[in-house]
Amino acid sequence: MSSQPLLNQKGQIIQEFGTIKQFPLGLSYEVRMYSCQRLNRVLADTQILYSLYKKHHWLVRGATFYQLHLLLDKHAGEQLELVDTIAERVQTLGGVAVGDPRHVAEITSIPRPPDGVEEIPAMLSRLLQAHETILIEAHDAAARIAELGDDGTNDLLVSQVIRTGELQAWFLAEHLVDTPLVRV
């Protein structure tokens, strides 16, 4: 017997992406398949939003650096929690959560940002656009999934994805308000 790790192992794929296995959840195959497809789209976009938050957290500059640096990191952490929650719901339904960054890039509907550093208003606007993309998808998915009777997925989309996204969008949008200087 050896304590040497067995390195460079290759394995067979035991479940293909886009398939679901049967779990006793009281939901039909069709409902679970539909929910997994919609959740994976939201999951891909949420992973991109998380990455955008981290990028802007690292690259933010200027007079509001400290406040935005902290806010963007807080929002990134909340998005990362959503990523895990959404992925676990896909798995709970018997699906396969999109997890590889290259696969996420193929699925996302959020445009790729420039590689360089943008001005703060452009960074915040980009985050707001990503939020709106996710919120539109989440609202639509939640409504359709509610009709199909998948209460667990509907609850996740409404109480976590939508509420978190709306709150974060509000915080970002308020940084873009043009407030006049008051001269005394």
Side-chain angles (χ1 to χ4, degrees), residues 15-56 71-72 74-113 121-176:
Q15 185 179 355
E16 293 285 341
F17 182 81
T19 66
I20 58 171
K21 56 187 173 183
Q22 185 60 46
F23 284 140
L25 302 177
L27 295 169
S28 72
Y29 170 89
E30 293 77 19
V31 169
R32 292 182 302 111
M33 178 63 87
Y34 183 80
S35 291
C36 286
Q37 290 168 347
R38 296 300 298 264
L39 284 170
N40 267 321
R41 287 202 296 264
V42 173
L43 177 57
D45 289 343
T46 303
Q47 289 179 68
I48 296 297
L49 179 57
Y50 162 76
S51 295
L52 282 174
Y53 266 116
K54 288 308 284 189
K55 176 185 180 177
H56 297 329
L71 178 67
L72 297 176
K74 176 184 180 291
H75 284 194
E78 292 166 356
Q79 288 299 316
L80 187 56
E81 285 182 30
L82 284 176
V83 165
D84 194 51
T85 301
I86 298 164
E88 288 177 352
R89 181 65 186 170
V90 171
Q91 296 301 127
T92 299
L93 292 169
V96 177
V98 59
D100 182 81
R102 294 162 296 193
H103 193 190
V104 167
E106 292 171 3
I107 294 174
T108 190
S109 52
I110 296 174
R112 182 179 174 167
M123 287 181 182
L124 298 181
S125 291
R126 186 173 301 285
L127 289 167
L128 284 168
Q129 290 166 352
H131 272 294
E132 188 168 36
T133 297
I134 292 168
L135 288 167
I136 289 168
E137 174 69 19
H139 280 290
D140 184 67
R144 178 72 177 116
I145 287 167
E147 292 172 6
L148 296 173
D150 182 353
D151 299 326
T153 300
N154 173 272
D155 179 60
L156 175 133
L157 289 168
V158 172
S159 67
Q160 295 181 56
V161 174
I162 292 171
R163 287 193 181 141
T164 299
E166 289 174 345
L167 188 62
Q168 288 182 347
W170 172 49
F171 272 76
L172 294 175
E174 290 298 331
H175 281 274
L176 295 175

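Side chains are part of it too, since the values below use all heavy atoms of this structure and drop only hydrogens, waters and symmetry mates.
Shortest non-hydrogen contact noted between I20 and C36 is CG2-SG, 3.8 Å. Taking every heavy atom of both residues into account, L128 and A169 meet most closely at CD2-O, 3.3 Å.
Checked by atom type and distance alone, the side chain of T92 pairs as donor or acceptor with a backbone atom of E88 at under 3.5 Å.
Sequence neighbours left out, the pairs with a member in residues 127-139 that pass salt bridge (charged side-chain N to carboxylate O under 4.0 Å, His left out) are R38-E137, R41-E137. Sorted pairs that involve residues 136-165 and meet ring pair (Phe, Tyr, Trp, His ring centres under 6.0 Å), not counting sequence neighbours, are lacking altogether. Residue pairs meeting the salt bridge (charged side-chain N to carboxylate O under 4.0 Å, His left out) criterion with at least one partner in residues 162-176, sequence neighbours excluded, do not occur; the list is empty. Pairs passing the ring pair (Phe, Tyr, Trp, His ring centres under 6.0 Å) check and including a residue from residues 15-51, sequence neighbours excluded, read F17-H103.
Considering only heavy atoms from C-beta on, I107 stays 4.5 Å or farther from V104 through its side chain.
Residues passing the ring-ring contact (aromatic ring centres under 6.0 Å, His included) test with H131, sequence neighbours excluded: Y53. Considering only residues two or more places apart in sequence or on other chains, S28 meets the side-chain contact (heavy atoms from CB on, under 4.5 Å) condition with E30, V31. In terms of the side-chain contact (heavy atoms from CB on, under 4.5 Å) criterion, residue partners of E147 (sequence neighbours excluded) are, by chain and number, R144. Not counting sequence neighbours, P101 has no partner by the side-chain contact (heavy atoms from CB on, under 4.5 Å) test. Q22 is linked by a side-chain hydrogen bond (donor to acceptor under 3.5 Å, both in side chains) to R32, counting only residues two or more places apart in sequence or in another chain. By the side-chain hydrogen bond (donor to acceptor under 3.5 Å, both in side chains) test, T153 pairs with R89, D150, sequence neighbours left out. Partners of D84 by side-chain hydrogen bond (donor to acceptor under 3.5 Å, both in side chains), not counting sequence neighbours: none found. Annotation: side-chain hydrogen bond (donor to acceptor under 3.5 Å, both in side chains) contacts of Q79 (sequence neighbours excluded): Q168.
Using a 4.0 Å cut-off between charged side-chain N and carboxylate O, E106 and R102 make no salt bridge.
Side chain to side chain, T133 and D45 fail the donor-acceptor criterion of an N or O pair below 3.5 Å.
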